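Read the structure below first, then the notes.
Being a predicted model, the structure only gives us computed values, none of them experimental. Numbering starts at 1 and runs along the sequence shown. Note that these values count all heavy atoms, side chains included, but never hydrogens, waters or copies made by symmetry. Indexing begins at 1, ligand by ligand and atom by atom, following the structure's order.
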Amino acid sequence: MPFHLVSHPVAQDALVALRDSATRATDFRGLAYRIGLIVAAEATRDLASAEVSIRTPLETTTGRVISGDIVAVAVLRAGLSLIEPVLALLPQARLGHIGLRRDERTAQASCYSSHLPMGISHSTILLVDPMLATGGSAIMAIDLLKEAGARSIRLLCVVAAPEGVEAVQRAHPDVGVYSPALDRELNTQNYIAPGLGDFGDRLYGTGVGHDRSQEA
Ligand code: PRP
Ligand code: URA
């Protein structure tokens, strides 16, 4: 499965403001939503559909409806930001959550919770996690999904590092990766450069430098 660079100008435009260190959480959420819509649209271009007959007020005609089961799975916390845009396009999607935490020193991911819908072996899984850095979190999430029976998985990101894309492709060559950005590299702390910093902290206003409680 190739890496899919989502070059849509609306996503690229929102990405500029998302990367900007001056952008605060309130705007960051809206920008992530906008990018999520475009990435989700690109990642679902080839979903299976079936012909149906419909009666308009004038006559009977045909159309196509999405025919398969869709499951959107968020990697907590940051992946939650991409669930609403996926549901805006696919309100029928079932939802799952995988809680992963990346150790700040070693960048090793560890799992603290996993709640997946039953019977996902014939479903199309949209795994959403905005940052693909070393790839450790994505690989762990895909491992868990495959253990639960998943066979068709697409990974939707906002910013990817070449190291992460390569690691996912090596571990799970059947998983398509969709992202509007393929950045230069990981830095020595395993952050994506140029990147946008810590997505979860910027989304929720947590972490060092996010205490605005004393501001007027
Ligand atoms: C971030 C991000 C990914 C992970 C990517 O999550 O949302 O899950 O790091 O890094 P990797 O490719 O090197 O594994 P983080 O662990 O910071 O948790 P958070 O979403 O709760 O902030
Ligand atoms: N997680 C983030 O939120 N940002 C990075 O650059 C790497 C991992």
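- Remark: ligand 1 atoms within the under-4.0 Å shell around heavy atoms of Arg101 are 16 (O).
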Extract all N/O-N/O pairs under 3.5 Å that connect ligand 2 to the protein, and present each with both atom names and the distance rounded to 0.1 Å.
| from | atom 1 | to | atom 2 | distance (Å) |
| --- | --- | --- | --- | --- |
| ligand 2 | 3 (O) | Phe199 | N | 2.8 |
| ligand 2 | 4 (N) | Gly197 | O | 2.8 |
| ligand 2 | 6 (O) | Ile192 | N | 2.8 |

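- Atoms of ligand 1 lying under 4.0 Å from at least one heavy atom of Gly200, given by number and element, are 22 (O).
- Among Leu76, Asp129, Leu80, the residue whose heavy atom lies nearest to atom 3 (C) of ligand 1 is Asp129.
- By the definition of a contact as any protein heavy atom under 4.0 Å away, atom 1 (C) of ligand 1 is not in contact.
- Among protein heavy atoms, the minimum distance from atom 21 (O) of ligand 1 is reached at Arg77 NE, 2.9 Å.
- Looking at ligand 1, you'll find an N or O of Ala133 within less than 3.5 Å of one of its N or O atoms.
- Within the 4.5 Å cutoff, the side chain of Arg184 has heavy atoms near those of the Pro194 side chain.
- The nearest non-hydrogen atom to atom 14 (O) of ligand 1, considering only Gly79, Ala141, Ser137, comes from Ser137.
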Assess whether side-chain contact (heavy atoms from CB on, under 4.5 Å) is satisfied between Leu196 and Phe28, documenting all intermediate values. CA-CA 11 Å; Leu196 50 74; Phe28 193 90; 4.2 Å; yes
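- Protein heavy atom at the shortest distance from atom 16 (O) of ligand 1 is Arg102 N, 2.8 Å.
- Protein heavy atom in closest approach to atom 17 (O) of ligand 1: Asp198 OD2, 4.1 Å.
- At the shortest separation from atom 18 (O) of ligand 1 among protein heavy atoms lies Leu100 O, 4.1 Å.
- Where the criterion is an N or O separation shorter than 3.5 Å, residue side chain and backbone included, Ala78 meets it with respect to ligand 1.
- With rounding to the nearest 0.5 Å, the separation of CG in Leu80 from CG in Asp129 is 10.5 Å.
- Closest heavy-atom contact between Thr61 and Thr56: CG2-CG2, 3.9 Å.
- Distance check: Ile120 CD1 to Leu145 CG gives 5.5 Å after rounding to the nearest 0.5 Å.
- Which of Gly164, Gly135, Ser110 comes nearest to atom 12 (O) of ligand 1 through a heavy atom is settled by distance: it is Gly135.
- Taking CG from Leu156 and CD1 from Ile125, the interatomic distance works out to 12.0 Å, rounded to the nearest 0.5 Å.
- A distance of 5.5 Å separates CD1 in Ile142 from CG in Leu155, rounded to the nearest 0.5 Å.
- For the atom pair Tyr191 OH and Asp183 CG, the distance stands at 14.5 Å (nearest 0.5 Å).
- Nearest non-hydrogen protein atom to atom 13 (O) of ligand 1 is Thr134 OG1, 2.6 Å.
- Here's the thing with Asp201: none of its N/O atoms is less than 3.5 angstrom from an N/O atom of ligand 1.
- Among all heavy-atom pairs drawn from Arg19 and Ala181, the shortest one is NH2-CB, 3.5 Å.
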Applying salt bridge (charged side-chain N to carboxylate O under 4.0 Å, His left out) to Asp201 and Arg77, what does each step give before you reach the verdict? CA-CA 9 Å; Asp201 282 345; Arg77 292 175 301 171; 3.2 Å; yes
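- Among all heavy-atom pairs drawn from Lys146 and Asp174, the shortest one is NZ-OD1, 2.8 Å.
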Only distances under 3.5 Å count here; give the side-chain donor-acceptor pairs of residues 81-102 to other protein atoms, sequence neighbours excluded, each with its distance to 0.1 Å.
| from | atom 1 | to | atom 2 | distance (Å) |
| --- | --- | --- | --- | --- |
| Ser81 | OG | Ala78 | O | 2.7 |
| Arg94 | NE | Asp69 | OD1 | 3.3 |
| Arg94 | NE | Asp69 | OD2 | 3.2 |
| Arg94 | NH1 | Met118 | O | 2.9 |
| Arg94 | NH2 | Asp69 | OD2 | 2.7 |
| Arg94 | NH2 | Met118 | O | 3.2 |
| Arg94 | NH2 | Gly119 | O | 3.1 |
| Arg102 | NH1 | Asn190 | O | 3.0 |
| Arg102 | NH2 | Asn190 | O | 3.1 |

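- One distance of note links CG of Leu182 with SG of Cys157; it measures 10.0 Å at 0.5 Å rounding.
- Nearest protein heavy-atom neighbour of atom 5 (C) of ligand 1: Met131 O, 3.3 Å.
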